[in-house]
Amino acid sequence: MKKKNRQLADWAVSVIKEQFKDDVCLLLEHRTLKLEKDRNETAFSFYIPAASRANGLARTFMIDGIGYDLFPMSWERMERTADIKEYNTTCLADAEILYARSEDDRRRFISLQARLQANLQNPHYMYNRALKWFDTVTEIFQEMLFESRLYKVREHAGYICDLLSLTVAFVNQTYFKHGQTGQINELQSMKQLPAHFISLYESIVRSQSADEQKRLCHEMIGSTKRFLAEHDKNGTTQFGKPDFSELAAWYHELSYTWRRVYHWCDSNDPVNAYIWCCSLQDEVGKTGAGYGISELDLLSAFDSGNLSGLRKRLEYVERTFIAAIEANGAELEAYKSIEDFLKHNA
């Protein structure tokens with residue numbers, strides 16, 4: 001096996017030099033995604049093309065029952081990998097150059113590896129990359145909830161385990177060197193994990209029931225969401241004092257939504273009150289935290305049989321926002337009448 005891989009690597013370099021010397025920038029080997037018994041010997045993995053003619057180098061074939069794939073990966077994809085926007089970070093981080101068309105090509109690749117390492121060392125950047133994968137997980141879970149076929153539920157559950165693990169790895173400023181293989185072993189070496197994360201991962205794999213897998217995935221997602229909130233690099237990093245005049249402008253616009261919900265509360269219309277309050281709750285939650293406002297809960301007070309509690313809560317949260325605006329030197333552009341408005345806007 002070892003001798004065969006070395007021979008194949010030499011073959012690929014020879015073909016490039018003879019037929020594609022101007023068309024291929026780099027030939028690379030990448031071993032960490034292979035089975036452990038296949039990692040010890042040099043073997044080609046992928047190449048970076050310089051021109052479309054390099055497509056002629058791409059090959060898939062089998063030797064002695066083992067499949068081989070010589071395929072292109074563009075510089076653009078390598079740059080996305082350097083910025084940790086591709087799944088298999090290891091394909092850049094752990095790749096080695098077998099052939100380089102020029103020193104410029106070699107230096108370009110090595111500089112992308114350095115860029116990747118710099119990004120891994122940036123906690124704020126890595127946290128935001130973690131959020132992107134978490135968003136993908138929530139989309140998969142939405143599909144899973146409406147799926148009844150066991151094999152599809154299991155498929156979704158596998159992706160959820162995998163991508164939540166990637167989310168956690170990014171918060172720890174690392175990646176999975178072996179992709180999906182041995183994730184639990186690598187998770188065990190990380191300093192920070194969501195509560196019960198590994199046990200949930202293992203329970204999902206062992207589960208025999210679609211409903212149980214859905215429940216366990218929900219629990220795993222919830223645990224990871226709390227973990228992300230605890231490690232929020234966006235909320236803890238303050239780039240100067242927030243501009244409360246912008247919050248005042250936001251309130252000018254949203255005040256009519258408050259008016260709507262008040263109206264439906266007073267009209268004893270729980271459906272309209274609820275739907276409009278959901279919209280207001282979203283805005284309040286997204287905006288308030290950035291200004292240090294902690295009173296953001298509206299909908300816990302909703303009771304379809306008695307809307308007075310919701311109205312009181314709406315009034316309290318609205319007053320909290322107004323007080324924050326005024327206490328921080330901003331002003332609401334409010335007029336008592338149309339005459340007052342025209343007088344000041346002539």
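Please read these numbers as outputs of a predicted model, since none were measured by experiment.
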Please identify each residue that fulfils side chain to side chain donor-acceptor pair (under 3.5 Å) with [X], with sequence neighbours left out.
| X | value |
| --- | --- |
| Glu103 | Arg106 |
| Asp104 | Arg107 |
| Arg226 | none |
| Arg108 | Glu79 |

Side-chain contact test, heavy atoms from C-beta onward, threshold under 4.5 Å: evaluate it for [X] versus [Y] and give yes or no.
| X | Y | value |
| --- | --- | --- |
| Ser74 | Ile48 | no |
| Tyr251 | Leu332 | yes |
| Tyr87 | Asp162 | yes |
| Leu98 | Leu28 | no |
| Phe170 | Leu120 | no |
| Leu228 | Tyr127 | yes |
| Tyr175 | Leu92 | no |
| Lys21 | Ile16 | no |

Original post:
salt bridge (Lys or Arg N to Asp or Glu O under 4.0 Å) with Arg101: which residues, sequence neighbours excluded?
Top reply: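 Listed in chain order: Asp105.
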**OP:** Return the set of residues passing salt bridge (Lys or Arg N to Asp or Glu O under 4.0 Å) with Arg115 (not counting sequence neighbours), or none when no residue passes.
**Re:**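 Applying salt bridge (Lys or Arg N to Asp or Glu O under 4.0 Å) to Arg115 gives Asp83.
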Less than 3.5 Å apart, any donor N or O on the side chain of [X] or [Y] sitting next to an acceptor on the other?
| X | Y | value |
| --- | --- | --- |
| Tyr125 | Gln173 | no |
| His231 | Gln192 | yes |
| Gln142 | Thr138 | no |
| Asp243 | Ser245 | yes |
| Asn306 | Ser308 | yes |

Subject >> Test salt bridge (Lys or Arg N to Asp or Glu O under 4.0 Å) applied to Asp266 and Arg311, step by step >> reply: CA-CA 8 Å; Asp266 295 341; Arg311 198 186 206 290; 2.7 Å; yes
Original post:
Hey, is Glu295 close enough to Arg313 for a salt bridge, meaning N to O under 4.0 Å?
Top reply: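 Result for this pair is yes, salt bridge flagged.
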Original post:
Do other residues, nucleotides or ligands put more than 12 heavy atoms under 6.0 Å from the CD atom of Gln188?
Top reply: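 Yes.
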Subject >> OH/Tyr274: more than 12 non-hydrogen atoms of other groups inside 6.0 Å >> reply: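 12 or below, so no.
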Original post:
Can you list every ring pair (Phe, Tyr, Trp, His ring centres under 6.0 Å) pair that touches residues 311-338, not counting sequence neighbours?
Top reply: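 Residue pairs with at least one partner in residues 311-338: Trp250-Phe321, Tyr335-Phe341.
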Original post:
Which pairs count as ring pair (Phe, Tyr, Trp, His ring centres under 6.0 Å) when at least one residue sits in residues 193-213, sequence neighbours excluded?
Top reply: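 As it turns out, there is no ring pair (Phe, Tyr, Trp, His ring centres under 6.0 Å) pair with a partner in residues 193-213 once direct neighbours are skipped.
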[X] side-chain N/O to [Y] backbone N/O, donor-acceptor pair under 3.5 Å:
| X | Y | result |
| --- | --- | --- |
| Asn119 | Met126 | no |
| His30 | Ala95 | no |
| Ser14 | Asp10 | no |
| Trp258 | Leu314 | yes |
| Asp269 | Asn272 | yes |
| Asn172 | Met190 | no |
| Gln281 | Leu296 | yes |
| Gln208 | Arg206 | yes |

Just jot down the side chain to side chain contact (heavy atoms under 4.5 Å, CB included) partners of [X], sequence neighbours excluded, or say none.
| X | value |
| --- | --- |
| Ser337 | Glu339, Asp340 |
| Glu326 | Ile322 |
| Asp282 | Lys286 |

**OP:** For residues Phe244 and Tyr291, establish whether the separation of their ring centroids is below 6.0 Å.
**Re:**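 Yes, they do, as the ring centres are separated by less than 6.0 Å.
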Original post:
Only one of Arg154, Glu212, Gln213 clears side chain to side chain contact (heavy atoms under 4.5 Å, CB included) with Ile204; which?
Top reply: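 Between Ile204 and the candidates, side chain to side chain contact (heavy atoms under 4.5 Å, CB included) is satisfied uniquely by Gln213.
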Using atom types as modelled, flag every donor-acceptor pair under 3.5 Å from a side chain in residues 216-225 to any protein atom, sequence neighbours excluded.
| from | atom 1 | to | atom 2 | distance (Å) |
| --- | --- | --- | --- | --- |
| Ser223 | OG | Ala195 | N | 3.2 |
| Ser223 | OG | Ala195 | O | 2.7 |
| Thr224 | OG1 | Met220 | O | 2.8 |

Gap between atom [atom2] of [Y] and atom [atom1] of [X] - 0.5 Å precision:
| X | Y | atom1 | atom2 | result |
| --- | --- | --- | --- | --- |
| Ile66 | Lys34 | CD1 | NZ | 9.0 Å |
| Phe44 | Leu27 | CZ | CG | 8.0 Å |
| Lys177 | Leu33 | NZ | CG | 10.5 Å |

Original post:
What's the verdict on salt bridge (Lys or Arg N to Asp or Glu O under 4.0 Å) for Glu86 and Arg80, showing C-alpha distance, side-chain angles and the deciding distance?
Top reply: CA-CA 6 Å; Glu86 293 279 337; Arg80 285 182 55 81; 3.2 Å; yes
**OP:** Tell me, with the steps shown, if Asp303 and Leu310 meet side chain to side chain contact (heavy atoms under 4.5 Å, CB included).
**Re:** CA-CA 7 Å; Asp303 179 351; Leu310 176 62; over 6 Å; no
**OP:** Please lay out, stage by stage, how Phe20 and Tyr47 fare under the test side chain to side chain contact (heavy atoms under 4.5 Å, CB included).
**Re:** CA-CA 11 Å; Phe20 301 97; Tyr47 64 92; over 6 Å; no
**OP:** Determine the interplanar angle of the Phe61 and Trp11 rings, folded into 0 to 90°, and report it as parallel if under 30°, tilted if 30 to 60°, perpendicular if over 60°.
**Re:**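 It falls in the perpendicular class, over 60°.
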Subject >> Tyr68 six-ring centre to Arg59 NZ/CZ under 6.0 Å and within 45° of normal >> reply: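 Negative - Arg59 is either too far from the ring of Tyr68 or too far off its axis.
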